[in-house]
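Because only heavy atoms are used, hydrogens play no part in the values below, and waters and symmetry mates are left out as well, while side chains stay in. The structure presented is a predicted model; accordingly, all values stated were derived computationally and were not measured. Chain identifiers are assigned alphabetically (A, B, ...) following the order of the sequence lines, protein sequences preceding nucleic acid strands; residue numbering begins at 1 within each chain.
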There are 2 protein chains.
Amino acid sequence: MQPLTIGALAAQTGVKIPTIRYYESIGLLPEAPRTDSNRRTYDAAAVRRLRFIRHARELGFEVEAIRQLLTLADDPGQPCRQADLLARAHLAEIESKIARLESLRAELREMVGHCEQGQVRTCHVIEVLADHAHCLHDHH
Amino acid sequence: MQPLTIGALAAQTGVKIPTIRYYESIGLLPEAPRTDSNRRTYDAAAVRRLRFIRHARELGFEVEAIRQLLTLADDPGQPCRQADLLARAHLAEIESKIARLESLRAELREMVGHCEQGQVRTCHVIEVLADHAHCLHDHH
DNA sequence: TCTTGATCCTCCAGTGACTGGAGACTCTAG
DNA sequence: CTAGAGTCTCCAGTCACTGGAGGATCAAGA
């Protein structure tokens, strides 16, 4: 497999070109080797690493967490307790996000469908947002 | 009820002081009347409006959407179709967010608890993040 | 009355994670 | 050979805040 251009890498991973350069600039991706004419080249390892990053971002990991995970992945002889802790912390975060969103969904479901094409003064969208008592969840 | 200071408003609404000033600066809150010594003062209406904003932010509405909702709320004679459409659009967004997070949660649950205090090379956290085949969801 | 500490003011810069434009260079296909 | 697509660097902007510097003002206790 001959080296990829940045555009090809972007196409293969679904990560935009400026984002790839950004990841390099913050050290998530190593500096890509260049051609004679100064263009970045990538190999299969770069594709895997960028997929790793993209996947972790999709899971909601912050860049700093990803940096730690990559350090662990780069050095596979270490115990994985740290990575596990990272994932556990993130799982807790996701579960609270889901819970919050579910109550927000309930609230929005209350809101829509109650609009009888009437006036704002009887519209639940405005009401629910304005009136604290309509809260179905307890986040405050 | 005598006018509130910005600190009291912050305490009553849970919105931080710089955030309140920021909301004023972008026009979500009207310019607060000042005391002789140039301090902002707020009344019950300001508390309601800020709660409205906070609530909408918690529901995930963007500032622009909130601005529209506030415009509608400020002028209650208008039909509420627009507000309803806004809420509907947002509901769809929230539902897709929930679905995504649920699959991410499944993935993370797969990951944690499989760490046998072993080495990274057998750690699912790293594996799942590195290996595309472990995806339980279909977002790519 | 004085002083101390809390609160407030404005202005400005930074955050995270990108995103996009300007202007210049280079590669590829016809 | 030329046109257009792709790439380069640099820099500025996005969103929704967040925080610090430096200075003014207020409330309460000695």
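Panel note: side chain A:T13, backbone A:L9; a donor-acceptor pair is recorded below 3.5 Å. With hydrogens and angles disregarded, no donor-acceptor distance shorter than 3.5 Å links the side chain of B:R39 to the backbone of B:I6.
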Steps toward side-chain contact (heavy atoms from CB on, under 4.5 Å) verdict (A:Q12, A:L4): CA-CA 10 Å; A:Q12 285 212 9; A:L4 300 167; 4.1 Å; yes
Verdict with supporting geometry, B:Y42 and B:T5, side-chain contact (heavy atoms from CB on, under 4.5 Å): CA-CA 6 Å; B:Y42 299 94; B:T5 63; over 6 Å; no
- request: Check step by step if side-chain contact (heavy atoms from CB on, under 4.5 Å) holds for B:L29 and B:R49.
  value: CA-CA 8 Å; B:L29 289 175; B:R49 194 178 182 90; 4.0 Å; yes
field: A:R21/A:E24 under salt bridge (charged side-chain N to carboxylate O under 4.0 Å, His left out): CA gap, chis, key distance, verdict
entry: CA-CA 5 Å; A:R21 293 199 271 247; A:E24 182 181 313; over 6 Å; no
message: Set out, in order, the CA-CA distance, both residues' side-chain angles and the distance that settles side-chain contact (heavy atoms from CB on, under 4.5 Å) for B:Y22 and B:K16, then state yes or no.
response: CA-CA 10 Å; B:Y22 168 72; B:K16 290 181 186 165; over 6 Å; no
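Within the structure, a side-chain polar atom (N or O) of A:S37 is placed less than 4.0 Å from OP1 or OP2 of C:dC27. For the pair A:T5 and D:dT7, the criterion of a side-chain N or O lying under 4.0 Å from OP1 or OP2 is met. Distances shown here put a side-chain N or O of A:R40 below 4.0 Å from the OP1 or OP2 atom of D:dT9.
The NZ-P distance, from A:K16 to C:dC18, rounds to 10 Å in whole Å. Distance, B:R67 CZ to D:dC15 C1': 12 Å, rounded to whole Å. Atom CZ of B:R54 is separated from atom P of D:dA16 by 17 Å (rounded to the nearest Å). Summarising the geometry, the separation between CD1 on B:I6 and P on C:dC9 is reported as 5 Å, rounded to the nearest angstrom. Atom C1' of nucleotide D:dT9 and atom CD1 of A:I17 are separated by 14 Å, given to the nearest angstrom. Per the geometry, CG belonging to A:L50 stands 11 Å off P belonging to C:dC18, to the nearest Å. One interatomic measurement links the two molecules: CD of B:E64 to C1' of D:dT14, which rounds to 13 Å at whole-angstrom precision.
For B:R39, the side-chain atoms get nearest to D:dC26 when compared with the rest of D:dC26, D:dA16, C:dG20. The listed nucleotides are D:dG6, D:dC26, D:dT9; the one nearest the side chain of A:N38 is D:dT9.
For DNA chain C, none of the residues of residues 27-36 of chain A falls under the heavy-atom distance limit of 4.0 Å. Of the residues in residues 18-26 of chain A, those lying under 4.0 Å from DNA chain D by heavy-atom distance are A:R21.
Note: A:I98 CD1 to A:R105 CZ = 10.0 Å, rounded to the nearest 0.5 Å.
The two residues B:I53 and B:I66 come nearest to each other via the heavy atoms O-CD1, 3.9 Å.
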